[in-house]
Amino acid sequence: MYRNLTIRQKQIVWAWSFLALPVIFYAVIRFYPTGNAILISFQNWNLLGDRTWAGLENYEKLWNDPTFWKVFQNTFVYLLIGTPFSLALSFLIAYHLDKLRFMHGFLRILYFLPFMTSAVAMAWVWRWFYQDVPVGLFNNILAGFGIPQISFLNSTTNALPSVLAPAVWAGLGFQVIIFMAGIRAIPTSYYEAAKIDGVGWWTILTQITLPLLRPTIVFIVVFSSIGFLRIFDHVFNMTTNNPGGPLNSTKPLVLMIYDTAFNGFDMGYAAAQTVVLFTILLIVSLIQLRLLRSN
Amino acid sequence: MKKHFKGMVAAGLTSATALFASAANAVEIEYWQYFFDARVTAMEQLIENFQSANPDITVTMTHFPYADYRTKVAAAIPAGEGPDVVQLFYGWLNDYVKAELIQPLPADTFPPSMVDEEFFPMVQAMKDGDAYWALPTAVRSLALFYNKRLMEEAGVEPPTNLEEFLAAAAAMTKFDGAGNITQVGVTAGMTAQDHHWWREGLIRQMGGEPYTNDYQTVNYNSEAGVKALEFYTNLFEGENPVSAIGFMDEPQAAFKAGRAGMHIDGSFRIGSLDKTRGLEWGVTELPATADGTRSNYSSYWVNAITTKAEGEKYDASVKFMEYITSDEAMQIWLDVVGELPAKPSVGLTEANANNDVYGPFIRGLAYANTTKFANESAQRQLMVEMVERIQLQDMSVEDSIAIAAEAEQKILDEYYSD
């Protein structure tokens with residue numbers, strides 16, 4: 001049968017037989033669990049017994065759950081503070097690092113190092129920094145000057161920024177590298193022309209550098225927004241005794257999903273939360289891709 | 001050479017036949033538990049003893065990381081794979097029964113009246129109607145750990161009642177120049193064992209009952225509940241705090257570091273405290289009220305026969321269950337793991353009940369209660385938040401307890417409705 005095919009058809013058969021591997025991989029590892037999760041979100045299941053149909057019950061419960069709305073809000077606070085902050089900071093560092101010649105490579109390594117460090121290890125070190133006296137680094141310094149200590153993690157207002165700070169710091173190295181590559185890719189002739197015209201650094205920055213960096217910026221925004229929407233390891237490791245606490249003030253959606261699924265064994269409810277997270281990620285990514293295309 | 005080789009083959013064949021012959025009437029059963037070093041060592045020892053007493057039965061133990069345990073059990077048993085005898089947390093019993101993963105213990109080998117009599121009373125939570133579904137080898141309870149050096153330095157004795165407890169805590173608390181607490185008299189944190197102390201200890205001691213209707217109705221939104229919570233929050237909220245929430249990250253860390261005078265924890269903490277260099281610790285029963293009322297909390301892991309075990313495997317499983325709930329097994333478990341015997345006949349022997357370390361825990365079992373949780377982590381979380389509302393949002397004790405009670409009732413209603 002194979003022999004009767006035309007060369008073109010044979011090529012297609014071969015192409016597909018090679019493509020089959022990634023296609024099967026994606027179907028089994030990605031699409032099947034995704035579909036299954038959506039299915040479970042309409043069921044009740046505690047991992048042990050049978051799955052029973054629940055209709056929209058899990059979604060109704062989610063809608064009426066004040067914890068969910070708090071967590072939903074937190075997730076966006078992580079996104080809305082984290083993304084602009086890390087964007088501005090990494091650009092500032094990349095912009096100045098690019099102009100610097102002295103110890104350039106060494107500094108670049110220093111900025112990149114946190115990105116390569118395990119998030120768990122880093123979260124625990126920061127957790128130690130934030131402790132109260134007599135152990136915490138920051139509070140010990142304050143106490144040395146006789147200043148009363150600050151509750152970093154055990155506070156409903158300070159905890160979220162405290163958890164976010166190391167997460168921003170960890171992602172900084174990668175963004176700095178991407179920004180520097182973007183800056184280097186701008187043809188020097190623009191800058192030379194600007195110099196000949198005698199324009200100031202501000203005009204160069206806002207008229208040449210930033211507009212030409214737009215694809216880089218969009219990439220970093222997409223990349224870091226998805227990262228902040230899915231934040232988990234920093235929060236979980238810095239608040240393991242009381243995950244997402246105090247009073248849910250640091251709990252992101254992913255942590256709530258984990259807790260519902262593997263402490264509460266309420267798989268249906270956890271799946272419903274997952275579907276919501278999936279939808280949010282999809283919408284945010286689609287919006288950002290549209291922005292990218294209009295460029 | 002060739003002759004020699006032939007001889008070897010013949011010898012090999014004979015021994016192989018012998019092996020198969022003995023395997024033919026041997027029963028192999030499987031035992032599952034989650035991985036915890038000392039527990040695995042103790043179980044290996046029990047299995048060895050059991051097998052030498054029952055040469056025709058082989059027990060294979062499999063263990064999993066705690067995180068995967070439930071999923072593996074759930075997937076394996078309905079498929080006819082997995083364990084014949086399985087270990088589970090007492091709080092999961094309902095789920096396992098409902099999912100038909102385990103079967104009741106045979107009444108002729110484990111008559112309920114005999115179990116009622118022989119085991120500590122809180123084990124009766126494992127009885128449903130006329131049959132026991134599962135039985136523990138060991139149980140845990142709470143006691144008050146204290147740092148001998150700090151006690152000596154402050155000139156106080158291990159407390160026996162709540163009044164002495166507060167005085168001792170106050171004597172051992174230290175502050176720095178900026179007014180920060182640098183050494184706590186007693187550790188505090190609902191995230192550790194304090195929520196059990198509050199629920200089953202303090203509330204009952206203040207004359208209340210935390211739950212009614214077989215733990216299906218929340219009952220701590222009462223005068224006793226408020227009194228108990230006030231006592232607890234005054235440790236770190238009052239004019240002269242003797243504790244701080246989150247001090248040195250977690251209570252047991254502060255105690256291990258020698259920065260806490262006293263610490264309430266379970267018998268499972270003994271092992272790790274023993275390994276802490278330079279820490280001189282002692283342990284005593286939880287403080288009583290002025291009129292001598294005591295109350296404690298107990299939890300345990302149980303063993304049960306799964307629905308997979310049938311025929312001769314079932315008989316072998318019953319025998320194995322009999323052995324691992326025997327006095328001998330309980331003594332081994334105490335010596336190896338440090339968990340308390342589930343029967344007074346082993347626990348209250350002269351040597352065990354007066355043991356400096358295990359004694360206070362074992363004596364605590366006599367007045368211990370076991371909370372029937374629907375979702376332990378969620379119910380603990382409510383206690384954590386109850387304290388946080390008072391501490392971080394200045395809510396009154398009464399209001400905060402009411403919110404917690406309502407939320408916990410919702411969890412219980414949801415759980416028992418289906």
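By convention in this document, chain letters (A, B, ...) are assigned in the order of the sequence lines, proteins followed by strands, and residues within each chain are numbered from 1. Scope of the values below: all heavy atoms of this structure, side chains included, with no hydrogens, waters or symmetry mates.
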Can you tell which part of [X] gets under 4.5 Å to a heavy atom of chain A, answering side chain, backbone, both or neither?
X: B/Asn375; answer: side chain
X: B/Ile181; answer: backbone
X: B/Arg389; answer: both
X: B/Gln393; answer: side chain
X: B/Asp249; answer: both

So which residue, [options], ends up with the most heavy-atom pairs under 4.5 Å with chain A?
options: B/Glu100, B/Glu388, B/Met248, B/Gln183; value: B/Glu388
options: B/Glu385, B/Arg70, B/Glu250; value: B/Arg70
options: B/Ala254, B/Gly189, B/Gly246, B/Ala178; value: B/Ala178
options: B/Leu101, B/Asn180, B/Thr182; value: B/Asn180
options: B/Asp176, B/Asp95, B/Val384; value: B/Asp95

Once the angle between the rings of [X] and [Y] is folded into 0 to 90°, is it parallel (under 30°), tilted (30 to 60°) or perpendicular (over 60°)?
X: B/Tyr232; Y: B/Trp197; answer: perpendicular
X: B/Tyr66; Y: B/Tyr34; answer: perpendicular
X: A/Trp126; Y: A/Trp169; answer: tilted
X: B/Trp92; Y: B/Trp301; answer: perpendicular

For this session: Might you confirm whether atom CZ of A/Phe232 has over 12 heavy atoms from other residues, nucleotides or ligands at distances under 6.0 Å?
Result: yes
Problem set entry | For A/Phe228 against A/Ala167, the heavy-atom pair lying closest together |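 Minimum heavy-atom separation between A/Phe228 and A/Ala167: CE2-CB, 4.4 Å.
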For this session: Kindly give the heavy-atom pair with the smallest separation between B/Trp133 and B/Ala304, and that separation in Å.
Result: O-CB, 3.6 Å
Exercise. Does B/Lys98 make a cation-pi contact with B/Tyr415 (under 6.0 Å, within 45 degrees of the axis)?
Worked result: yes
Seminar exercise, completed: d(A/Phe278 CZ, A/Ile283 CD1) to nearest 0.5 Å is 10.5 Å
Problem set entry | Top contributor to chain B interface from A/Thr260, A/Thr240, A/Val133, A/Asp259 [non-hydrogen pairs under 4.5 Å] | A/Val133
For this session: For chain B, find which of A/Asp266, A/Asp132, A/Asn242, A/Val135 contributes the most heavy-atom pairs closer than 4.5 angstrom.
Result: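 Highest number of heavy-atom pairs under 4.5 Å: A/Asn242.
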Proximity breakdown for [X] and chain B, heavy-atom pairs closer than 4.5 Å:
X: A/Gln131; answer: side chain
X: A/Tyr130; answer: neither
X: A/Ile147; answer: backbone

For this session: Start with the C-alpha distance between B/Glu408 and B/Arg380, add both sets of side-chain angles, then the distance that settles salt bridge (charged side-chain N to carboxylate O under 4.0 Å, His left out), and finish with yes or no.
Result: CA-CA 10 Å; B/Glu408 190 164 358; B/Arg380 178 188 58 210; over 6 Å; no
